[in-house]
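Since this is a predicted model, take the numbers as computed values, not measurements. Values below: every heavy atom of this structure, side chains too, minus hydrogens, waters and symmetry copies. We count residues from 1, following the sequence as given.
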Amino acid sequence: MTGHRPVPPHGDRSGEPPGGEPLTVSGGEPLTVRDRYGPSPADQATVLVNEVEGHLLARAELDRARREAQALCARLPWLTGAQAEDVTRHYTEQRLDLTRELLRATIARARELRGEYEARYATLRRGLLRRHAACASAVLVCAVAVGAALSTLPR
């Protein structure tokens, strides 16, 4: 995210070179502004905010795990200082590993649900489009029939 974006020639931001033909990427798709100039500052800001939020959440989870480990060690007064540090370290590592596992399982389930919802949405959308097409066809047929009936009536 260097923020450096090339300026198009002659102030043209349309994505077309001065010759008039649009630029394309492999596959013949037209080159978009995003392809040519990179993500917008708003997109870059969103990515940065998400990264900072992720870091803060991870840090909060680490702090929570350490507090839990220290509370456990406080209930075990016979531990020496080195033993308490060792227990704290092991507990924190195990707790963070468990958190990672839970997050991975949540992400996997979210992907499954997204796939299911997208498939269901596509099915519903196709059905809706079919019904709308059938309704539009029925309206058109009725309009033609009414027009034909009116044209055959004596004036």
Side-chain angles (χ1 to χ4, degrees), residues 1-140:
M1 287 196 285
T2 61
H4 178 265
R5 297 186 310 188
V7 176
H10 310 295
D12 177 23
R13 291 196 171 268
S14 68
E16 294 185 8
E21 285 189 38
L23 297 175
T24 60
V25 292
S26 62
E29 291 293 319
L31 186 66
T32 64
V33 172
R34 174 172 283 188
D35 292 331
R36 193 161 188 199
Y37 303 109
S40 70
D43 290 342
Q44 291 175 354
T46 300
V47 167
L48 181 61
V49 166
N50 289 339
E51 287 178 5
V52 169
E53 181 183 21
H55 175 74
L56 292 173
L57 289 171
R59 184 62 193 202
E61 187 64 23
L62 176 64
D63 291 343
R64 189 176 307 119
R66 283 189 183 141
R67 280 193 310 273
E68 289 174 9
Q70 290 166 350
L72 173 66
C73 290
R75 288 181 292 193
L76 305 172
W78 60 85
L79 293 177
T80 65
Q83 290 172 329
E85 287 176 19
D86 199 35
V87 168
T88 299
R89 184 177 51 79
H90 283 293
Y91 180 90
T92 303
E93 287 174 8
Q94 188 174 15
R95 175 75 160 52
L96 293 178
D97 288 343
L98 176 62
T99 300
R100 282 186 200 98
E101 270 184 54
L102 290 172
L103 287 173
R104 285 185 186 119
T106 302
I107 290 168
R109 181 63 181 142
R111 285 184 181 138
E112 289 173 11
L113 287 173
R114 181 180 183 149
E116 291 173 16
Y117 287 138
E118 285 176 348
R120 181 68 179 142
Y121 174 77
T123 301
L124 291 171
R125 185 173 180 206
R126 279 191 301 273
L128 183 64
L129 289 174
R130 269 195 302 272
R131 285 191 293 275
H132 280 270
C135 185
S137 297
V139 167
L140 183 62

| message | Looking at every non-hydrogen atom in both residues, tell me the closest pair between Y91 and A69 and how far apart they are. | response | CD2-CB, 3.4 Å
| query | Rounded to the nearest 0.5 Å, what separation is found between the OG1 atom of T92 and the CZ atom of R89? | reply | 9.5 Å
| Criterion side chain to side chain contact (heavy atoms under 4.5 Å, CB included) on H90 and V87, from CA distance to verdict | CA-CA 5 Å; H90 283 293; V87 168; 5.9 Å; no
| Would you call D63 and R67 a salt bridge, taking side-chain N to carboxylate O under 4.0 Å as the test? | no
| task | Check whether any side-chain heavy atom of R66 lies under 4.5 Å from a side-chain heavy atom of R95, and answer yes or no. | result | no
| field | side chain to side chain contact (heavy atoms under 4.5 Å, CB included) between Q94 and L98, worked out | value | CA-CA 6 Å; Q94 188 174 15; L98 176 62; 5.8 Å; no
| message | Tell me every residue that passes side-chain contact (heavy atoms from CB on, under 4.5 Å) with T106, counting only those two or more places apart in sequence or in another chain. | response | none
| field | Short N-O contact, R114 and E118, less than 4.0 angstrom | value | yes
| Rounded to the nearest 0.5 Å, how far apart are CG of L72 and CD of E68? | 9.5 Å
| query | For the residue pair C73 and A84, what are the closest heavy atoms and their distance? | reply | SG-O, 3.5 Å
| query | Is R109 salt-bridged to E112, going by a charged N under 4.0 Å from an acidic O? | reply | yes
| For R111, what residues pass the side-chain contact (heavy atoms from CB on, under 4.5 Å) criterion, not counting sequence neighbours? | I107
| request: Starting at CG of L96, measure out to CD of E101 and round the result to the nearest 0.5 Å. | output: 12.0 Å
| remark: Applied to residues 131-140, the salt bridge (charged side-chain N to carboxylate O under 4.0 Å, His left out) test, sequence neighbours excluded, yields none
| Hey, does E85 have a side-chain heavy atom less than 4.5 Å from the side chain of T88? | no
| Among R125, H132, R126, whose side-chain contact (heavy atoms from CB on, under 4.5 Å) with L129 holds? | R125
| query | Between E116 and R120, is there a salt bridge with N-O shorter than 4.0 Å? | reply | no
| task | Please round to the nearest 0.5 Å and tell me the distance separating atom CG of L124 and atom CG of L128. | result | 8.5 Å
| task | Starting at CG of L103, measure out to CD of E61 and round the result to the nearest 0.5 Å. | result | 7.5 Å
